[in-house]
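A quick write-up on the structure given underneath.
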Amino acid sequence: MRSEYQFREIEKTWQAFWEANKTFQAQVNPAKPKYYVLDMFPYPSGAGLHVGHPLGYIASDIMARYKRLQGHEVLHPMGFDSFGLPAEQYAIQTGQHPAITTEQNITRYIEQLKNMGFSFDWSREVRTSDASYYKWTQWIFMQLFNSWYNQETDKAESIETLKAILGTKGSIGLKAVCDEEVSRITAEQWNAMSADDQYAYLLSFRLAYLDDSVVNWCPKLGTVLANDEVKDGVSERGGYPVEQKKMRQWSMRITAYADRLLRGLDEVDWADSLKEQQRNWIGKSIGTDVEFAIENVSDKKIKVFTTRVDTIYGVSFMVLAPEHEWVSALTTPAQKEAVEEYVNWAKTRSELDRVSEVKTVSGVFTGTYVINPVNQERVPLFLADYVLAGYGTGAVMGVPSGDQRDWNFAKHFDLPIPSILDGQKDIEKQADPTKEGKYINSGMINGMGYKDATNTLIAWLEENGIGKGKVQYRMRNAVFSRQRYWGEPVPVYFKPTASGDLLPYLIEETELPLELPKIDKYLPTETGEPPLGRAASDWKYKGQYDYEWSTMPGWAGSSWYWYRYMDAMNSGEFASKEAINYWKAVDLYIGGSEHATGHLLYSRFWNKFLKDLGYVPEEEFAKKLINQGMIQGRSNFVYRLKDSAKVTFVSHGLKDQYDVAALHVDVNIVENDVLDLEAFKKSRNDVPSDAEFILEDGKYVCGWEVEKMSKSKFNVVNPDDLIAKYGADTLRVYEMFLGPLEQFKPWNTNSISGSHNFLRKVWRLFFDDNTNTSKLVDAPATPEELKVLHTAIRKVQDDLDRFSFNTVVSTLMICVNDLGALKCHKKSVLRELVILLSPYAPHIAEELWVALGEQEGGISYATFPVFNAAFLEENDFNYPISFNGKVKLTLAFPVTATPAEIEAAVLANDQVSKHLEGKTPSKVIVVPKRIVNIVLGK
RNA sequence: GCUUGGGUGGUGGAACUGGUAGACACGCGGGACUUAAAAUCCCGUGAGCCGUAACGCUCGUGUGGGUUCGAUUCCCAUCCCAAGUACCA
């Protein structure tokens, strides 16, 4: 009986050992440097994990284990973002409480995760849907409600400091982030207000506040949807109609933090592309609001926002969005018909049409003129659908000489293209947006440069009350209410004022958590109220006041969870000061880039807020972020004859000779694109047992394509199946070996045997397969063996330090191949190799560690091998000798040789002179320890 | 249209700051062992060409230019693929 690498027993044994011995429990340990490595926690869906999920978890686990070997105290937790719509949808269909489905799904996830041998500290597991967790989500909401943003101090402060300011100075000069329409009052006015009126006034300043928002309302789902949950006017989930509806919603003043969110990006080690995405999302533009008077209209002025106020003398037209509310009022009778026709046409165009058709110019003249405030020039007012009502003021000033879009518009409607800068070139052919040069034809700014001109104009506009400098952000405040059941209740109740208005009040902190009430079904009420409106009549604050019926959005619970992991059991605080001050922030955060503008922005916002209030020490919560690339599916196809009495399939290489239809085939019965015919016949009802197959070389070869991984394409690969067949260690090695972590790549199980063979080769360095005996010996290592080992040590360390997980695997493969060739079975060498391997393949490493006579279970806290350059020292370097950049031969020279010595030796060499063919080199370049290049004249 | 990312053998990929392109692995072909198979081991494997041969030659990192002694790497232009998207004035 052979004793091969028995991965099943080994993996079960060590997983049980780690659990029993609490091997990976982290603690506050000031004696060691800390390292916090975090995965974006998953939503526990009913489908379980597929091979794409563990990719990031494997990488983070490797870093966690690597940092332990380097002597760090490592916090590596896992939990579940367990509130969400799928569980609620399922509850609606089945009547089963979402908590039950959620619990089942989590149980399955944990089982799958434990099978992979991750070194999570499970004692810190969090679930956002647990009351003990969402108690603190509610608590943070209360802090937000009780805070305002003081622009003087540039941070959030308690609402009490605002009250004090209002009582002494009023709000006239107050620099605060607040509702736009808030009226400015004096201290006297404030002090004269009733308590209720004061309370109502403060609502306009709180960071969590109520506001009327236009939302995507889906009556059928009874909930509000995000823009990207709506496709073609219907809900993505279910395909129900969606309408625009104004609703009173809780919102968060994230815009208060816009500038700090931008600045913070400079201090974190995140991918530049991701930072750029966030910058664009926040969308800061510095510009000017300018008001244009309207000819023959005295009660209205058109406000435009421009980032190039310096070009205002170049305005030759003005454009309103077709949806602008003043369109009909500003249209002359003569133009009425044309305008109406245009507006109706514009309504039929999707935003995508308007975005992508840049080359076709469309628009219509309203018949009205506006007056340019700087030179009193009459300028025609147009409508055009390249202006969007939703952004800025819905009006644009047209400067054809400086903006290509405006230029196209002016050409099309035969409008003037005034030149305004002497630096502009060829503006009869195209626009030139340059800021270089001096202004011409530009009244008060003639002869100035860009900066002076801009400052002069803004000063003049402000002085005359026509405009003012303005910073505009694209990012809007975040709507925080959801008309759903399966989310955190908002810890608020409503109490009527003397006049009967309802005002929101926080519940007492001692009453947290405000738990989700039981309800009969998980749908909105018959009157369209959120599901919580169905709660029993005694679900009221102090038995008399209605609670808020909407719940919090999915991102609430995930916006602070990394702190809960620091001290997950704490019932008195979200985490203790001691824990927060030790773990501070996440050192390495791994997750998908789809969260770039959602989770990663909200989390940064809440973190900054918690810092302002002094609860946490760091401005940014994740120092280093890696986005793992999505694993795409690799579908396999069979080709069925179209006109055939018998069901017949043609192999891929022969399909072009027949008329065939391609059908997806389950990738799990295909190996290296060769179909398992028996399994195929059994797997499908539409394949009779006498189906025929036209084979090539005796095999049925399938075609393949890269597609999204989905059930309908039969390309989902379950990690459990691979673990059963090859083991978790093999899967871990293989997923890392697939390619760079960040890269998008198709899943392909084809070459997993290579990773498995690698581990078996490692095993055979220790054991004889046939005799089941140890091959290990105590003899001292040879210089050659040490060179092989230390080459690997250096490369593994270098590559892990730059998160190049895939190249570490090849390094280990080379090392094992080389040691195998050297027949090296020496304990001192293999001991170090096992440590290098352990972050990738921890189970086999534990087993081999014991075989080496080391302490059972001790490899997790072993010491990472110390690289010694002395073992790699070489006397000679093999110089590639190239001629005009093309390498022809190599020659060895001592590493101590000087370039001059090398040049002389090279030129004296026989082989070199053969290649010279009698010519004299015009130049010889010697780069020490790299290359020699001989330059020959042409 | 715009933004971001990406195009290297039959396949996944390697080449760290410009210095022997194709490491490592899969697949494929050949061989050894075996009654046979599996497993294992050995050899070959970018394309094309010449030669009896050790070997040699030409081309080659989407395409076209450029910089350089030397370019997968830097610059310009261009094509294709993927993801995102809000004409942000």
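Throughout, protein chains are lettered first and strands after them, A, B, ... in sequence-line order, and every chain is numbered starting at 1.
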Please state the [atom1] separation for the pair [N] and [M] - nearest whole angstrom.
| N | M | atom1 | result |
| --- | --- | --- | --- |
| G70(B) | U20(B) | P | 15 Å |
| G66(B) | G51(B) | C1' | 39 Å |
| G9(B) | U4(B) | P | 26 Å |
| G62(B) | G10(B) | P | 14 Å |
| C43(B) | U63(B) | P | 34 Å |
| U61(B) | A47(B) | C1' | 14 Å |
| G22(B) | U72(B) | P | 12 Å |
| G19(B) | G1(B) | C1' | 41 Å |

Position toward the 5' end of RNA chain B (nearest nucleotide), P880(A) or E276(A):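 Its nearest nucleotide lies further toward 5', so the answer is E276(A).
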I931(A) or K284(A), whichever maps to the more 5' nucleotide of RNA chain B: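 With I931(A) and K284(A) compared, the 5'-side residue is I931(A).
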G9(B), syn or anti by chi within 90 degrees of zero: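 Syn conformation here, the glycosidic angle of G9(B) being no more than 90° from 0.
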Does [X] have its ring centroid less than 6.0 Å away from the ring centroid of [Y]?
| X | Y | result |
| --- | --- | --- |
| W747(A) | Y734(A) | yes |
| H756(A) | F7(A) | yes |
| F317(A) | F413(A) | no |
| F805(A) | F737(A) | no |

Sequence-distant partners of [X], salt bridge (Lys or Arg N to Asp or Glu O under 4.0 Å), two or more places apart:
| X | value |
| --- | --- |
| K775(A) | none |
| D310(A) | R308(A) |
| K275(A) | none |

For [N], which nucleotide in any strand shown is its Watson-Crick or wobble partner with both distances under 3.5 Å?
| N | value |
| --- | --- |
| G48(B) | C57(B) |
| G64(B) | C76(B) |
| U20(B) | none |
| G5(B) | C81(B) |
| A37(B) | none |
| A71(B) | none |

Interatomic distance, [X] [atom1] vs [N] [atom2] [rounded to whole Å]:
| X | N | atom1 | atom2 | answer |
| --- | --- | --- | --- | --- |
| K823(A) | C42(B) | NZ | P | 9 Å |
| D385(A) | A89(B) | CG | P | 19 Å |
| R930(A) | G18(B) | CZ | C1' | 9 Å |
| N806(A) | G13(B) | CG | C1' | 7 Å |
| L274(A) | G5(B) | CG | P | 11 Å |
| K888(A) | C57(B) | NZ | C1' | 8 Å |
| D272(A) | G5(B) | CG | P | 8 Å |
| H324(A) | A89(B) | NE2 | C1' | 14 Å |

Under 3.5 Å between N/O atoms: give me all the protein pairs with nucleotides 67-71 of chain B, atom names plus distance.
unit_1: C69(B); atom_1: O2'; unit_2: N933(A); atom_2: ND2; d: 3.0
unit_1: C69(B); atom_1: O2; unit_2: N933(A); atom_2: ND2; d: 2.6

Report the nucleotide, chosen from [options], that has the shortest atom-to-atom distance to any side-chain atom of [X].
| X | options | result |
| --- | --- | --- |
| N757(A) | C26(B), A15(B), G5(B) | C26(B) |
| T890(A) | C24(B), C26(B), U20(B) | U20(B) |
| T807(A) | A14(B), C59(B), U4(B) | A14(B) |
| T307(A) | C24(B), A89(B), G27(B) | A89(B) |

Residues in side-chain contact (heavy atoms from CB on, under 4.5 Å) contact with S882(A), at least two apart in sequence or another chain: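 With sequence neighbours excluded, S882(A) shows a side-chain contact (heavy atoms from CB on, under 4.5 Å) to V887(A), I931(A), N933(A), given in chain and number order.
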Residues that K468(A) engages under side-chain contact (heavy atoms from CB on, under 4.5 Å), provided they are two or more places apart: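 Per chain and number, K468(A) pairs via side-chain contact (heavy atoms from CB on, under 4.5 Å) with E462(A).
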Sugar-phosphate only, base, or nothing, as touched by R760(A) at under 4.0 Å among non-hydrogen atoms: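 R760(A): backbone/sugar contact only, no base atoms under 4.0 Å.
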Touch class at under 4.0 angstrom, heavy-atom based, for D799(A) against every strand present: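 Counting heavy atoms under 4.0 Å across all strands, no contact is made by D799(A).
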RNA chain B-proximal residues of residues 737-744 of chain A, any heavy atom under 4.0 Å: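 By residue number: F737(A), L738(A), P740(A), Q743(A).
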ring-ring contact (aromatic ring centres under 6.0 Å, His included) against F292(A), all qualifying residues, sequence neighbours excluded: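 F292(A): no ring-ring contact (aromatic ring centres under 6.0 Å, His included) contacts found.
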Measuring to OP1 and OP2 of [N], would you say a side-chain N or O of [X] lies under 4.0 angstrom away?
| X | N | answer |
| --- | --- | --- |
| R764(A) | A39(B) | no |
| N817(A) | A25(B) | yes |
| S273(A) | U3(B) | no |

Residue pairs involving residues 807-823 of chain A (criterion salt bridge (charged side-chain N to carboxylate O under 4.0 Å, His left out); sequence neighbours excluded):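 Qualifying pairs, neighbours excluded: none.
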Polar side-chain atom of R930(A) near backbone of Y879(A) as donor-acceptor pair, under 3.5 Å: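 Such a contact is absent between R930(A) side chain and Y879(A) backbone.
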